[in-house]
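Written out below as structure tokens is the structure these notes cover.
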Amino acid sequence: MKRMLSGIKPTGQLTLGNYIGALRNFVKYQDEYDLYVFIANLHCITVYNDPKELRKNLKDCVALYLACGLDPEKCCIFLQSDVMEHAQLGFIMCCNTYLGELNRMTQFKDKLAKGEQGLSGGIYTYPALMSADILMYDADYVPVGEDQKQHVELCRDTAIRFNNRYGKSFNIPEPVVPKVGAKIMSLSDPTKKMSKSEQTNKGCIYLLDDLKSVRKKIMSAKTDDVAKVQFDPENQPGISNLMSIVSALTNQSFEEITDMFNGKGYGDFKKYVADVVCDELSKIQERYNHIIENDIIEDVLAKGKAKAQIIAHKKLDQIQRTIGIEIR
Ligand code: TYM
């Protein structure tokens with residue numbers, strides 16, 4: 001069975017973008033692959049988080065993994081920092097990644113371009129830690145949204161170089177990006193990615209938002225004056241984004257959605273989008289409440305840690321011998 005690995009960094013509440021671009025697909029893959037899904041809590045601290053809030057977000061992230069359908073009997077769910085080998089292999093990968101490569105990462109470049117102040121060293125080197133996360137488990141596939149593809153490609157380049165230098169040490173992973181919904185855009189500014197760190201809340205749907213506000217956000221989503229429901233991201237980014245959301249959640253093709261709303265207004269279409277999204281979220285939220293009440297999170301993480309640790313321990317030992325830092 002091929003191995004697959006991915007993670008989410010809960011620096012805030014998980015969003016509909018995380019769900020459509022990543023989480024929802026993990027659930028589909030757990031039957032077909034040897035799946036490892038972790039909570040990237042070391043990645044979270046590359047920016048400051050209020051510790052209390054962070055703890056709550058981590059817990060919610062596990063609960064949402066389960067609520068969205070990940071089954072700890074079928075896949076390994078763990079907290080990144082529970083497997084301490086990640087940080088150590090992260091440093092090794094950092095030493096095998098060039099400054100020039102890190103400088104080219106668009107997420108980092110965007111932050112610099114926006115003039116963000118007080119950026120940490122961690123935010124600059126985090127793609128190397130992400131390489132370690134993936135290579136530790138010799139993952140074959142890494143399911144991610146569009147914005148993380150560049151990091152998986154960097155991981156591949158680093159692994160190939162490492163193998164050339166030291167002999168075959170790592171499996172070379174491939175990114176898996178969904179055909180529809182790989183980049184869900186903000187509802188209020190559909191030229192920007194829907195993101196946890198958005199300034200105003202209007203453009204971002206969180207999985208735990210109350211459904212009334214979800215409906216409100218969708219009904220006030222930015223559209224255009226073309227007055228036709230059709231997939232044209234260049235000229236109709238708002239409508240195309242809503243179509244992607246619907247298509248990802250219902251498996252309807254863009255043509256089917258266009259036909260469905262032929263001759264109808266954007267109001268009708270938005271109402272349909274809101275119904276589809278609220279239907280999906282209400283099921284997730286119901287399961288989330290049940291999981292929180294039953295307090296099963298620590299058990300799930302303990303089980304995941306035990307399984308992941310065995311692989312990580314062996315891999316780190318092998319790599320440390322390979323590069324010559326062990327004296328035994
Ligand atoms: P993060 O937490 O930013 O995002 C988690 C996953 O959600 C996807 N995603 C989106 N997909 C579609 N539309 C959006 N608007 C949207 N926003 C987010 C992301 O592409 C990602 O797949 N560095 C990673 C976490 C990580 C990781 C790893 C992932 C750490 N180590 C190893 C894979 C393998 C991150 O910050 O993702």
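Atoms within each ligand, like the ligands themselves, are counted from 1 in listed order. This is a predicted model, so every value here is computed, not measured. Below, each value reflects all heavy atoms present in this structure, side chains not excepted, and no hydrogens, waters or symmetry copies.
- Residues passing the side-chain hydrogen bond (donor to acceptor under 3.5 Å, both in side chains) test with Y36, sequence neighbours excluded: none.
- The shortest N/O to N/O separation between E146 and ligand 1 does not fall below 3.5 Å.
- Considering each of S131, G17, P10, the one bringing a non-hydrogen atom nearest atom 11 (N) of ligand 1 is G17.
- Residue contacts with ligand 1 for S195 are absent, since no atom lies close enough (heavy atoms, distance under 4.0 Å).
- With ring centers used as reference points, Y137 lies under 6.0 Å from H86.
- In the model, S244 has no side-chain atom that pairs as donor or acceptor with a side-chain atom of N241 under 3.5 Å.
- For the pair D279 and K283, the salt-bridge criterion is met [side-chain N within less than 4.0 Å of a carboxylate O].
- Against a heavy-atom cut-off of under 4.0 Å, K9 is close to the following atoms of ligand 1: 2 (O), 36 (O).
- Within the 4.0 Å heavy-atom criterion, the part of K196 lying near ligand 1 is the side chain and not the backbone.
- By the criterion of a heavy-atom distance under 4.0 Å, the side chain of I134, and not its backbone, is placed next to ligand 1.
- Side chain of Q13 to backbone of D60: no donor-acceptor contact under 3.5 angstrom is found.
- Residue G181 approaches ligand 1 through these ligand atoms, each under 4.0 Å from one of its heavy atoms: 12 (C).
- The aromatic rings of Y33 and Y29 stand perpendicular to each other, their planes meeting at an angle above 60°, with 30° marking the opposite boundary.
- By the criterion of a heavy-atom distance under 4.0 Å, the backbone of K183, and not its side chain, is placed next to ligand 1.
- With ligand atoms numbered from 1 in the order given, ligand 1 contributes 6 (C), 7 (O), 22 (O) to contacts under 4.0 Å with heavy atoms of A22.
- There is no side-chain donor-acceptor pair under 3.5 Å between N96 and T158.
- Of all atoms in ligand 1, listed by their number and element, those nearer than 4.0 Å to a heavy atom of N18 are 4 (O), 5 (C), 6 (C), 7 (O), 9 (N), 17 (N), 18 (C).
- Of all the atoms in ligand 1, the ones that sit under 4.0 Å from a non-hydrogen atom of Y126 are 23 (N), 36 (O).
- Ligand-side atoms of ligand 1 in range of K193: 15 (N), range being under 4.0 angstrom from any heavy atom.
- With sequence neighbours left out, the side-chain hydrogen bond (donor to acceptor under 3.5 Å, both in side chains) criterion links E174 to no other residue.
- Protein heavy atom at the shortest distance from atom 20 (O) of ligand 1 is D147 OD1, 2.4 Å.
- Between the side chains of Q30 and D71, no donor-acceptor pair of N or O atoms lies under 3.5 Å.
- Every N/O-N/O distance between S6 and ligand 1 stays at or above 3.5 Å.
- An N or O contact shorter than 3.5 Å links I184 to ligand 1 by distance.
- Scanning all protein heavy atoms for the shortest distance to atom 30 (C) of ligand 1 gives H43 NE2, 3.4 Å.
- Each of the following atoms of ligand 1 lies closer than 4.0 Å to a heavy atom of V144: 22 (O), 33 (C).
- Ring centers of F261 and Y272: under 6.0 Å apart, within the cut-off.
- Annotation for ligand 1: atoms under 4.0 Å from non-hydrogen atoms of A182 are 11 (N), 12 (C), 13 (N).
- Of the listed residues (H151, Q150, K111), just one forms a side-chain hydrogen bond (donor to acceptor under 3.5 Å, both in side chains) with T106, and that residue is Q150.
- Only side-chain heavy atoms of V142 come within less than 4.0 Å of ligand 1; its backbone N, CA, C and O stay farther off.
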